[in-house]
Amino acid sequence: MPELPEVETVRRGLEPVLDGHVLADVVQRRPDLRWPLPERFAERLTGRRVMRLRRRSKWILIDLEAGAEVPETWMVHLGMSGKMLIDGAETADLHHDRATPQKHDHVVVTTDAGARITYNDARRFGAMDLWPTATLSEHPQLATLGPEPLGNDFNAAVLEVAFAGRMTPVKAALLDQKTVAGLGNIYVCETLFRSGIHPTRMAGSISAKRVAVLAREIVATLGEAIEAGGSSLRDYRKADGELGYFQHAFKVYDREEKPCVTGDCVGEIRRIVQSGRSTFYCPKCQR
DNA sequence: CTCAGCTCCTGCGGGC
DNA sequence: TGCCCGCAGGAGCTGA
């Protein structure tokens, strides 16, 4: 499910319950997610204080105070179906209640303030790791990532260089986390639509001017989605304690055969499959 | 090296 | 109602 905006929303939702708090109790309910969890995972998290929550691409990075060892970072990737659910002392009004674990609840953390954070992941494409904070950028999953689209290292020129010579559809190039980090299937479709670029166009063949539009739309689209996530976060307690899922109106994603939303466009959204994944686009607006 | 296709896993919705 | 199929927001691996 989650792409960069959803992951950022989850990070922001976790912040008030985790930041500055001690992980008083950690329960690991199976040995692996996508990969085996690190040795003595629960034991190594237990008793450590959270110093900061960061995000890199689709990874949530939870910096921990040094325990018996050096400062380490608890890394969390939600994969396709990973969810973070919060309940406990401060959310006793929730009908959502994890007192007894439910199906696919894999990791359960209780803080010193009595908040309970449950990681639930049906498809188990998610991942967790524990890595020294000082060398985090060398972690195998982080080392190859491209620039953070909402960071200072991303702009039109950078995207142009990344596209240069790429004889692959721009859709695939944008899904490649080495090009830009954090985009997934939905936001690639949306940004290409907003940029008027056809998804099958070869990345290396797009003019500098149009790459600049694309870079700008990537930043704008992600920013707006995070904003939408933030507003949903403010009343997530009314829902079910599940972080990161929010209503967002997509212009093309999952709108096959629906009318194009562009003002005077009479076209309808089309769905094609590119490298095994659905692409949605307007054949009239995107060239 | 680059790229397309397959793969992991479970759940859900549509068609019959 | 139940069964079967295709599909799902990620991304690593394989082999051409």
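All figures in this text were calculated on a predicted structure; none of them were measured in a lab. A note on names: the letters A, B, ... follow the listed sequences, proteins ahead of strands, and every chain is numbered from 1.
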Distance-only check: which donor-acceptor pairs under 3.5 Å involve side-chain atoms of residues 199-206 of chain A, not counting sequence neighbours?
{"from": "A:Thr200", "atom 1": "OG1", "to": "A:His198", "atom 2": "ND1", "distance (Å)": "2.9"}
{"from": "A:Arg201", "atom 1": "NE", "to": "A:Arg287", "atom 2": "O", "distance (Å)": "3.3"}
{"from": "A:Ser205", "atom 1": "OG", "to": "A:Met202", "atom 2": "O", "distance (Å)": "2.8"}

Name every donor-acceptor pair, under 3.5 Å, that has one atom in a side chain of residues 151-165 of chain A and the other anywhere in the protein, sequence neighbours excluded.
{"from": "A:Asn155", "atom 1": "OD1", "to": "A:Ala157", "atom 2": "N", "distance (Å)": "3.1"}
{"from": "A:Asn155", "atom 1": "OD1", "to": "A:Val158", "atom 2": "N", "distance (Å)": "2.9"}

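A:Thr144 and A:Lys178 share no donor-acceptor pair across their side chains, judged by distance under 3.5 Å alone. Judged purely by distance below 3.5 Å, without hydrogens or angles, the side chains of A:Thr221 and A:Thr191 never pair a donor atom with an acceptor atom. Defined by atom type and a distance below 3.5 Å, a donor-acceptor pair is missing between the side-chain atoms of A:Asp121 and A:His106. For the residue pair A:Glu6 / A:Tyr187, a side-chain donor-acceptor distance below 3.5 Å is found, with atom types taken as modelled. Between A:Thr118 and A:Arg98, the side chains place no donor N or O within less than 3.5 Å of an acceptor N or O (distance only, hydrogens not considered).
Scanning all heavy atoms of the two residues, the minimum distance from A:Arg29 to A:Asp105 falls at NH1-O, 2.7 Å.
A gap of 16 Å separates the P atoms of B:dC9 and C:dT14, to the nearest Å. Nucleotides B:dC3 and C:dG9, compared at atom C1', are 23 Å apart to the nearest Å.
Straight-line distance from the CE atom of A:Met75 to the P atom of C:dA11: 12 Å, rounded to whole Å. Residue A:Met80 contributes atom CE, which lies 9 Å from atom C1' of C:dC7 at whole-angstrom precision. Note: CG (A:Leu175) to P (B:dC3) measures 13 Å, nearest angstrom. As a whole-Å value, the separation of A:Glu256 CD from C:dA8 P is 10 Å. Atom-to-atom, CH2 of A:Trp59 to C1' of C:dG10 comes out at 11 Å; the value is rounded to the nearest Å.
At C:dA8, one or more side-chain N or O atoms of A:Ser278 fall inside 4.0 Å of OP1 or OP2 (strictly under the cut-off). Checking the phosphate oxygens (OP1, OP2) of C:dG9, no side-chain nitrogen or oxygen of A:Tyr187 falls inside 4.0 Å. Side-chain N/O atoms of A:Lys58 include none lying less than 4.0 angstrom from OP1 or OP2 on C:dG9. The phosphate of C:dG9 (OP1 or OP2) has a side-chain N or O of A:Arg277 nearer than 4.0 angstrom.
Within the hydrophobic cluster formed by Ile, Leu, Val, Met, Phe, Trp and Tyr side chains joined at under 4.5 Å, directly or through other members, A:Leu61 is accompanied by A:Trp59, A:Met75, A:Trp131, A:Leu136, A:Leu142, A:Leu145. When hydrophobic residues (I, L, V, M, F, W, Y) are linked wherever their side-chain heavy atoms come within less than 4.5 Å, A:Val22 remains an isolated member. Other residues sharing a hydrophobic cluster with A:Ile272 under the 4.5 Å side-chain heavy-atom criterion for ILVMFWY residues are A:Tyr281. Clustering of Ile, Leu, Val, Met, Phe, Trp and Tyr side chains at separations under 4.5 Å places A:Val27 together with A:Val108.
Of all the residues in residues 162-172 of chain A, A:Arg166, A:Met167, A:Thr168, A:Pro169 reach under 4.0 Å from DNA chain B with at least one non-hydrogen atom.
Among the heavy atoms of the strands, none lies under 4.0 Å from A:Gly276.
Positionally, the nearest nucleotide of DNA chain B for A:Lys178 lies more toward the 5' end than for the other of A:Arg124 and A:Lys178.
Base pairing in DNA chain B gives the following stems of 3 or more Watson-Crick or G-U pairs, range against range and under 3.5 Å: B:2-8 with C:10-16, B:10-16 with C:2-8.
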List every contact pair, protein side and nucleotides 11-15 of chain B side both N or O, where the distance is under 3.5 Å.
{"from": "B:dG11", "atom 1": "OP1", "to": "A:Lys103", "atom 2": "NZ", "distance (Å)": "3.2"}
{"from": "B:dG11", "atom 1": "OP1", "to": "A:His104", "atom 2": "NE2", "distance (Å)": "2.6"}

Pairs under 3.5 angstrom, nitrogen or oxygen only, protein versus nucleotides 12-16 of chain C, please.
{"from": "C:dG12", "atom 1": "OP1", "to": "A:Gln141", "atom 2": "OE1", "distance (Å)": "3.1"}
{"from": "C:dG12", "atom 1": "O4'", "to": "A:Arg34", "atom 2": "NH2", "distance (Å)": "3.0"}

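Screening residues 73-82 of chain A for salt bridge (Lys or Arg N to Asp or Glu O under 4.0 Å) gives no qualifying pairs among residues at least two apart or on separate chains. Among residue pairs with one or both ends in residues 14-28 of chain A, those qualifying as salt bridge (Lys or Arg N to Asp or Glu O under 4.0 Å) are A:Arg11-A:Glu15; sequence neighbours excluded.
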